[in-house]
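Any value given below was found using the heavy atoms of this structure, including those in side chains, with hydrogens, waters and symmetry copies removed. The structure displayed is predicted, hence computed values, not measured ones. By convention in this document, chain letters (A, B, ...) are assigned in the order of the sequence lines, proteins followed by strands, and residues within each chain are numbered from 1.
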Number of protein chains: 2
Amino acid sequence: MAKELFHPDIDQIDLSAVLDALSDPTRREIVAYLSEVGEDSCGSMSPFSSKTNLTYHLARLRESGVTRTRIEGPRRLISVRAADIEQRFPGLLPSILTAVRAADPG
Amino acid sequence: MAKELFHPDIDQIDLSAVLDALSDPTRREIVAYLSEVGEDSCGSMSPFSSKTNLTYHLARLRESGVTRTRIEGPRRLISVRAADIEQRFPGLLPSILTAVRAADPG
DNA sequence: CCATAAGTTCAATAACTATTGAACAATAGA
DNA sequence: TCTATTGTTCAATAGTTATTGAACTTATGG
């Protein structure tokens, strides 16, 4: 399980990939949740989807550059690369998070 | 050809649909172009893709609520629903257009 | 009415998406 | 060392996406 996880460099973060990643409601919920709590494990996101499916969605978020996953023991701690995304695409993430909160309060 | 074209009401514009529509580079180019010129016909967008494919992409933009298409004689005039999108998802479209211009100057 | 210009529809295609369950791997703690 | 916890990999599936060419429709102008 000590595999290296791929993360694109800031300059390699692609707008199509980011918008694609954020076009899925489950992934937006995950990103909104992580934005609130800062960092959390895959297991804490079980309300959002099945374990297998979470692996898939979290990989898409990570590979697009939206999130960062670091390995700590048997679990993965995931966080939103808010500063990186803001640097690359100013205003994008805030506007999407605002929309998510408006649509899905609480 | 005097068919009624579907356009979602402002309140029905869905974030997933909008992000999905804008996750495609061809469609982003179209939106960026239309944002500059204000309104133009399908035919003027031939540099972006084939005629058939443009019908497809323009339908996706229209059905997601990103653009409006009005019929004038034998042609369709398309424009970006900038104010509607701004009202529904503040800041979203400007941030994406900024990114498009930065990636694709000229 | 006829020709042309502007777009659409249709069927086909190859590629990708989200989702599932079963089996597996890796770590930490008793 | 055994075991529970955490998450991954794999194969399968049903649905969607972007793209194409051929045939069609509709409106305008001569």
- Query: In whole angstrom, what separates K51(B)'s NZ from dA5(C)'s P?
  - Reply: 10 Å
- Message: Run the side-chain hydrogen bond (donor to acceptor under 3.5 Å, both in side chains) test on S41(A) and S44(A) for me, step by step, so that the C-alpha distance in whole Å, both residues' side-chain angles and the decisive distance to 0.1 Å come before the verdict.
- Response: CA-CA 6 Å; S41(A) 66; S44(A) 329; 2.9 Å; yes
- Of the listed nucleotides dA18(C), dT8(C), dT8(D), the one nearest the side chain of C42(B): dT8(C)
- Message: Quick check on DNA chain D: between E72(B) and Y56(A), whose nearest nucleotide comes earlier from the 5' end?
- Response: Y56(A)
- Can D20(A) and R60(A) be counted as an ion pair, charged N to O under 4.0 angstrom? yes
- Earlier contact from the 5' end, DNA chain C, for L58(B) and S23(A): L58(B)
- Of the candidate nucleotides dA28(C), dT20(C), dT8(D), which contains the atom at the shortest distance from the side chain of S49(A)? dT20(C)
- State yes or no: do V37(B) and V100(B) share one hydrophobic cluster built from I, L, V, M, F, W and Y residues joined by side-chain heavy-atom distances below 4.5 Å, directly or via other members? yes
- Message: Under a 3.5 Å cutoff, is there a donor and acceptor pairing between the side chains of S16(A) and R28(B)?
- Response: yes
- Task: Can you tell me the distance, in whole Å, between the CD atom of E63(A) and the P atom of dT17(C)?
- Result: 10 Å
- Which comes earlier along DNA chain C counting from the 5' end, the contact point of L77(B) or that of R27(A), where each point is its nearest nucleotide? L77(B)
- Length of the line joining D24(B):CG and dA15(C):C1', which is rounded to integer Å: 14 Å
- Message: Is S50(A) close enough to dT20(C) that one of its side-chain N or O atoms is under 4.0 Å from OP1 or OP2 there?
- Response: yes
- Message: Does dT17(C) have OP1 or OP2 under 4.0 Å away from a side-chain N or O of H57(A)?
- Response: no
- Query: Closer than 4.0 Å, any side-chain N/O of T52(B) to the OP1 or OP2 of dG21(D)?
  - Reply: no
- Query: How many Å lie between CG on L5(A) and C1' on dT6(D), as a whole number?
  - Reply: 14 Å
- Task: Quickly work out the F6(A) CZ to dT8(D) P distance and round it to whole Å.
- Result: 16 Å
- Note on the structure: Separation of dA18(D) atom C1' from L54(B) atom CG, nearest Å, is 12 Å
- Would you indicate, yes or no, if dA18(D) has its OP1 or OP2 atom less than 4.0 angstrom from a side-chain nitrogen or oxygen of N53(B)? no
- Could you note down all residue pairs passing ring-ring contact (aromatic ring centres under 6.0 Å, His included) where residues 35-58 of chain A supplies at least one of them, sequence neighbours left out? Y33(A)-F48(A)
- Message: Rounded to whole Å, please give me the gap between CG in L61(A) and C1' in dG7(D).
- Response: 16 Å
- Message: Between C1' on dT8(C) and CE on M45(B), what's the gap in Å once rounded to a whole number?
- Response: 16 Å
- Note on the structure: Quick note, D20(B) side chain, CB onward, closest among dG7(D), dT17(D), dG7(C) is dT17(D)
- Indicate whether OP1 or OP2 belonging to dA5(C) is found under 4.0 Å from a side-chain N or O atom of R75(B). no
